[in-house]
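What follows is a set of notes on a single structure, which appears directly below.
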Amino acid sequence: MAALDGLPPLRDVIQRHGLDARKALGQNFLLDLNLTQKVARTAGSLEGATVFEVGPGPGGLTRAILALGAKKVIAVERDTRCLPALAEISDHYPGRLEVIEGDALKTDFEAMASEGPVKIIANLPYNVGTQLLVNWILPKQWPPFWDSLTLMFQKEVGERIVATEDDDHYGRLGVLCGWRTSARMAFDIPPQAFTPPPKVTSTVVHLTPNENPAPCAVGNLEKVTHAAFGQRRKMLRQSLKPLGGETLLNKAEIDPSRRAETLSVEEFVRLANCL
Ligand code: SAM
């Protein structure tokens with residue numbers, strides 16, 4: 001892709017700007033521009049779309065998103081060392097890349113959303129990835145401001161996102177994502193594709209909002225999943241005791257001797273609505 005966008009190879013960019021990776025910022029850079037294009041393509045057509053990216057780093061994924069035709073990319077990066085490298089990309093694509101220096105956890109993405117499709121695409125820093133996903137899944141208003149999320153996680157986190165009942169990875173994250181979204185794992189990326197290589201395999205997860213998730217108070221769903229999976233090997237009559245135990249389960253018509261991992265998303269929603 002260096003030839004495609006005419007910008008220098010990422011290794012040169014990293015060397016020129018002294019962007020040695022910092023573990024505390026979850027910096028594992030993707031330098032293979034074919035791979036970053038594959039990630040960006042997972043989001044579907046980007047023509048006319050506004051894309052939010054978290055943690056552009058030296059800009060490998062950013063370049064792929066721009067080369068694939070996004071109308072505008074708004075990228076939030078915490079590491080100020082990356083800003084000069086990202087400014088070079090902005091110059092190359094005038095008016096199409098806005099870089100915001102700051103913490104994505106404190107960024108109001110919704111306030112920046114504009115007309116047309118909004119897609120979020122990111123190789124997320126491992127230490128804030130799950131929290132960002134939960135923030136995007138649990139706004140009060142639904143449908144949300146975004147049309148799709150295409151996010152890279154450690155594979156184990158990806159498995160928890162797409163898990164359904166009776167799956168070892170099923171838990172709070174699977175229930176929350178299953179309630180409001182359709183989620184799938186698109187493809188894995190091996191450690192050696194990153195610089196420096198992380199310890200584990202990564203995976204790209206693609207999520208789209210369900211149009212009509214069953215009505216349910218977000219706070220109640222969080223409470224029941226937290227209590228139920230907090231003691232996942234125990235029967236629900238025990239794990240849900242602080243929330244009403246058998247009385248609650250009877251009201252929701254769920255057998256109190258069942259365990260959390262056997263309940264479908266619909267059953268969790270029913271429990272939340274009976275709280
Ligand atoms: N997108 C680049 C790539 O694919 O090569 C870099 C991905 S790297 C896994 C994560 C990036 O997120 C780093 O550039 C890091 O500085 C940035 N980052 C870490 N914590 C952040 C936060 N709270 N808000 C915004 N960016 C953050």
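We count ligands from 1, going down the list as the structure has it; atoms in each ligand are counted the same way.
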Listed by chain and number, what are the salt bridge (charged side-chain N to carboxylate O under 4.0 Å, His left out) partners of E47, not counting sequence neighbours? none
State plainly whether the residues R16 and E88 are in salt-bridge range, i.e. N to O under 4.0 Å. yes
With no hydrogens and no angle check, do the side chains of S114 and T50 hold a donor and an acceptor under 3.5 Å apart? yes
With no hydrogens and no angle check, just 3.5 Å: does a side-chain donor-acceptor pair link S182 and N210? yes
With sequence neighbours left out, the residues meeting salt bridge (charged side-chain N to carboxylate O under 4.0 Å, His left out) with K72 are E98
Using the test side chain to side chain contact (heavy atoms under 4.5 Å, CB included), find all partners of R172 that sit at least two apart in sequence or belong to another chain. V134, L176, E222, T225
Amino acids contacting ligand 1, non-hydrogen cut-off under 4.0 Å: L25, G26, Q27, N28, F29, L30, E53, G55, P56, G57, V76, E77, R78, D79, G102, D103, A104, N123, L124, P125
